[in-house]
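To start, the structure itself, in structure tokens.
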Amino acid sequence: MSKKKAGGISRKWPLSLILLSLCAIFLFYTRFHVNHSITGDEPTYLMMDYDLVHNHSLNLRSVYAKQEYRGFFPSYLDPLGQVDEVQLFANSPKLYSSHGIGLSVLTLPGYVLGQAKGVEIEMVLTSVLVVWLSWVWVKVTTGNRKLAYLSSGALTTGLFFSEAAGYIYPDIPIAALILGALIILHKYYNKPWPQFAFGLLVGILPFFHLKTLSIAAPLLLIITYRWWRHKKSLPWPAYYSAVPLLVLFFISQHAWFGVWNPSAIYSLSSTFTLSPINSVPAMLFDYKLGLLTYSPILLLVFVGIVPWAKKSLISFLIALVALLPSLLMMTGFNGWQGGASPAGRYFMEFVPALMPALAFAIDALRRNWQRISVALLWLIGVTFTIIALVTKAPYSDDTDTHSLPPIFVSIQNQTGLEAYKLFPKYTKVSTDVVGSKTRLKAVIGSIVVAASVGYGYILMNPEFLKEHVRPALNKKVWK
């Protein structure tokens, strides 16, 4: 139990507030120093905010009829590609965006106060919220404040996270909703009001993106199972808040698009066509957009899987059941790289929820050489982040498959090292590798990840070395 001053205020809160403030300053500086242009899907969310403010509607027909969309989209983007094609070509009185309304509703206060700049500020604050929630999530799973600080610090300084702060995309708000739900599931699931709040978080998820239905459903199953085992009853407060929102989601899809199946408005025939054998290495190691390429400290997530399962099995199973269906679905997603995406953007929803694995790995790596290795991994990632800030171009433009990411260009100009050649190169449209050397690099990277999981197992089961590995290496065995 933490020591408290008179009045019941923990002495550790000032440190937490100072560190969170530093995190906010860093993320704000990262966003506005780099000063990204608003592109991709971002203008659509701003246009929806505009329509809510001026027309009190989400029907964008009048916005397109008056060509008011021109104030949101840069000249190289097609504004007609951001709405439902069926309604557009049928000249229907309805014209709704194919993107979820959740993000636009969330950012409406920011838009009212400061238009696009206000939305960016609100999105940075949402990123700060994710950092704080990841700290809480690690704290309740490990019971260790220091590990929570280290893991949330690693998250904040990682390029994949810091460069996404301020982006007008639903990934970071979804991460916040998932973290909130996981925290409640682990520690507060047996109280009525937290159950009700849990239901709100789950019910809101699909409004941010259709794909989150694959997370919302497992979350509801988990709380039902946990409460049934605890009280032989159903978690009615969670149902009272979640079910109406989920029903409203499907009703809104039918009212807007005329379909009960929300996936019917998307072209999914060629979207989930990749083999995990190619897609997983691409997402992890690609020289432009790989998660581990720019944030190697996250390799410890794989080291920490077994320690997490052994030391906090309940929280591990909660995260596994909640996230695994969506993670598996993403491995077949043909648009894994997005458009001019931040590195690892599509992992953004899941990585904060996996921070306990990183924390348990740090806790298990206690020898000096192990801690030095951890520090080096973190330092490499921070170096990438610093280079990104200096060059003012953190994200990797994937519009030209032959161009080098700005970070590697800077390294090559300053040192002469062609560091990008260490990583596999995938094409823009799919995860087909370019050349046999690239395939070899992907295989080596996959072996490193598998070895990291195995090393985590050995850390928790040191007798495995004595009973199996060392005898196998004994010369007598080979005679």
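Keep in mind the model is a prediction, meaning the values are calculated, not measured.
Considering only residues two or more places apart in sequence or on other chains, Lys421 meets the salt bridge (charged side-chain N to carboxylate O under 4.0 Å, His left out) condition with Glu418. Scanning for ring pair (Phe, Tyr, Trp, His ring centres under 6.0 Å) contacts around Trp137 gives an empty result, with sequence neighbours left out. Legend: residues meeting side chain to side chain contact (heavy atoms under 4.5 Å, CB included) with Leu150, ordered by chain and number and at least two apart, are Lys146, Ile362. The side-chain hydrogen bond (donor to acceptor under 3.5 Å, both in side chains) check on His186 picks up nothing, with sequence neighbours excluded. Judged as a side-chain hydrogen bond (donor to acceptor under 3.5 Å, both in side chains), and not counting sequence neighbours, the contacts of Asn261 are Ser263. In terms of the side chain to side chain contact (heavy atoms under 4.5 Å, CB included) criterion, residue partners of Ile386 (sequence neighbours excluded) are, by chain and number, Val382, Val390.
Counting non-hydrogen atoms of neighbouring residues, nucleotides and ligands closer than 6.0 angstrom, the CH2 atom of Trp378 reaches no more than 12 such neighbours. The environment of Ile277 atom CD1 is sparse: at most 12 non-hydrogen atoms of other residues, nucleotides or ligands sit within 6.0 angstrom. In the displayed structure, Tyr188 atom OH is contacted under 6.0 Å by at most 12 heavy atoms of other residues, nucleotides or ligands.
Contact annotation: the side chain of Leu291 never approaches that of Met283 to less than 4.5 Å [non-hydrogen atoms, C-beta and beyond]. Proximity of Thr156 to Ser162: side-chain heavy atoms (C-beta onward) are nowhere separated by under 4.5 Å. With contacts defined as side-chain heavy-atom distances shorter than 4.5 Å, the pair Lys441/Phe285 does not qualify. Inter-residue side-chain proximity for Ser315 and Trp308 is flagged as met; some heavy-atom pair is nearer than 4.5 Å. At a threshold of 4.5 Å between non-hydrogen side-chain atoms, the residues Phe423 and Leu284 do not count as touching. Residues Glu42 and Phe72 form no side-chain contact, since every pair of their non-hydrogen atoms from C-beta on lies 4.5 Å or further apart. Leu15 has its side chain within reach of Tyr149: a pair of non-hydrogen atoms, C-beta onward, lies under 4.5 Å apart. In this structure, Lys94 and Arg61 have side chains that are not in contact, with every pair of non-hydrogen atoms separated by 4.5 Å or more.
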Side-chain polar contacts of residues 247-256 - donor-acceptor pairs under 3.5 angstrom, sequence neighbours left out - could you list them?
| from | atom 1 | to | atom 2 | distance (Å) |
| --- | --- | --- | --- | --- |
| Ser252 | OG | Leu248 | O | 3.2 |
| Ser252 | OG | Phe249 | O | 2.6 |
| His254 | NE2 | Trp260 | NE1 | 3.4 |

Which atom pairs, donor and acceptor, lie under 3.5 Å between side-chain atoms of residues 113-125 and protein residues at least two apart or in another chain?
| from | atom 1 | to | atom 2 | distance (Å) |
| --- | --- | --- | --- | --- |
| Glu120 | OE1 | Arg31 | NE | 2.9 |
| Glu120 | OE1 | Arg31 | NH2 | 2.7 |
| Glu122 | OE1 | Gly110 | N | 2.9 |

Could you pull out every donor-acceptor pair under 3.5 Å between side chains of residues 195-211 and any protein atom, sequence neighbours left out?
| from | atom 1 | to | atom 2 | distance (Å) |
| --- | --- | --- | --- | --- |
| Gln195 | NE2 | Tyr189 | O | 2.7 |
| His209 | ND1 | Lys211 | N | 3.1 |
| Lys211 | NZ | Glu349 | OE2 | 2.8 |

Can you give me every donor-acceptor pair (side chain of residues 404-411, partner residue at least two apart or in another chain, under 3.5 Å) with its distance?
none

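With rounding to the nearest 0.5 Å, the separation of CZ in Phe26 from OG in Ser21 is 15.0 Å. Once rounded to the nearest 0.5 Å, the distance linking CG of Asp49 with CG of Leu58 reads 9.0 Å. A distance of 11.0 Å separates CG in Leu323 from CD1 in Ile318, rounded to the nearest 0.5 Å. The structure places CD1 of Ile38 at 4.0 Å from CD1 of Ile168, a figure rounded to the nearest 0.5 Å. Separation of atoms OG (Ser57) and CG (Leu95) is listed at 10.5 Å; rounding is to 0.5 Å. From Leu292, atom CG reaches atom CD1 of Ile380 across 12.0 Å, with rounding to the nearest 0.5 Å.
Ring-plane geometry between His54 and Tyr50 is classed as tilted, the angle between the planes lying from 30 to 60 degrees on a 0 to 90 degree scale.
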Criterion side-chain contact (heavy atoms from CB on, under 4.5 Å) on Tyr96 and Ile101, from CA distance to verdict: CA-CA 10 Å; Tyr96 289 92; Ile101 67 168; over 6 Å; no
Derivation and outcome, side-chain contact (heavy atoms from CB on, under 4.5 Å), residues Met47 and Tyr64: CA-CA 10 Å; Met47 186 169 60; Tyr64 277 83; 3.3 Å; yes
Chi angles and distances behind the side-chain contact (heavy atoms from CB on, under 4.5 Å) call for Leu298, Phe160: CA-CA 10 Å; Leu298 294 180; Phe160 89 101; 3.5 Å; yes
Intermediate values then yes/no, side-chain contact (heavy atoms from CB on, under 4.5 Å), Tyr239 and Thr224: CA-CA 9 Å; Tyr239 293 165; Thr224 300; 2.5 Å; yes
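Panel note: side chain Thr141, backbone Val138; a donor-acceptor pair is recorded below 3.5 Å. Distance alone, capped at 3.5 Å, places no donor-acceptor pair between the Asn55 side chain and the Val63 backbone. A donor-acceptor pair under 3.5 Å is absent between the side-chain atoms of Thr293 and the main chain of Leu289, judged by distance alone. Side-chain atoms of Thr385 come within 3.5 Å of backbone N or O of Thr157 as a donor-acceptor pair. When atom types are taken as modelled, the side chain of Ser104 and the backbone of Tyr45 share a donor-acceptor pair closer than 3.5 angstrom. Asp286 contributes no side-chain N or O that, together with a main-chain N or O of Lys425, makes up a donor-acceptor pair within less than 3.5 Å.
Within the structure, salt bridge (Lys or Arg N to Asp or Glu O under 4.0 Å) pairs that include any residue of residues 244-262 do not occur (at least two apart or interchain). Judged as a salt bridge (Lys or Arg N to Asp or Glu O under 4.0 Å), the pairs with a partner in residues 166-184 (not counting sequence neighbours) are, in order, Asp171-Arg345.
Asn59 and Asp51 make their closest contact through O-OD2, 3.0 Å (heavy atoms, listed as atom of the first residue, atom of the second, distance). Between Thr331 and Pro276, the shortest heavy-atom distance links the atoms OG1-CG, 3.8 Å. For Pro173 against Leu103, the heavy-atom pair with the smallest separation is CG-CD1, 3.8 Å. The heavy-atom pair separating Pro192 from Pro237 by the smallest distance is O-CB, 3.5 Å. Closest approach of Ser134 and Leu179 over heavy atoms only: N-CD1, 3.8 Å.
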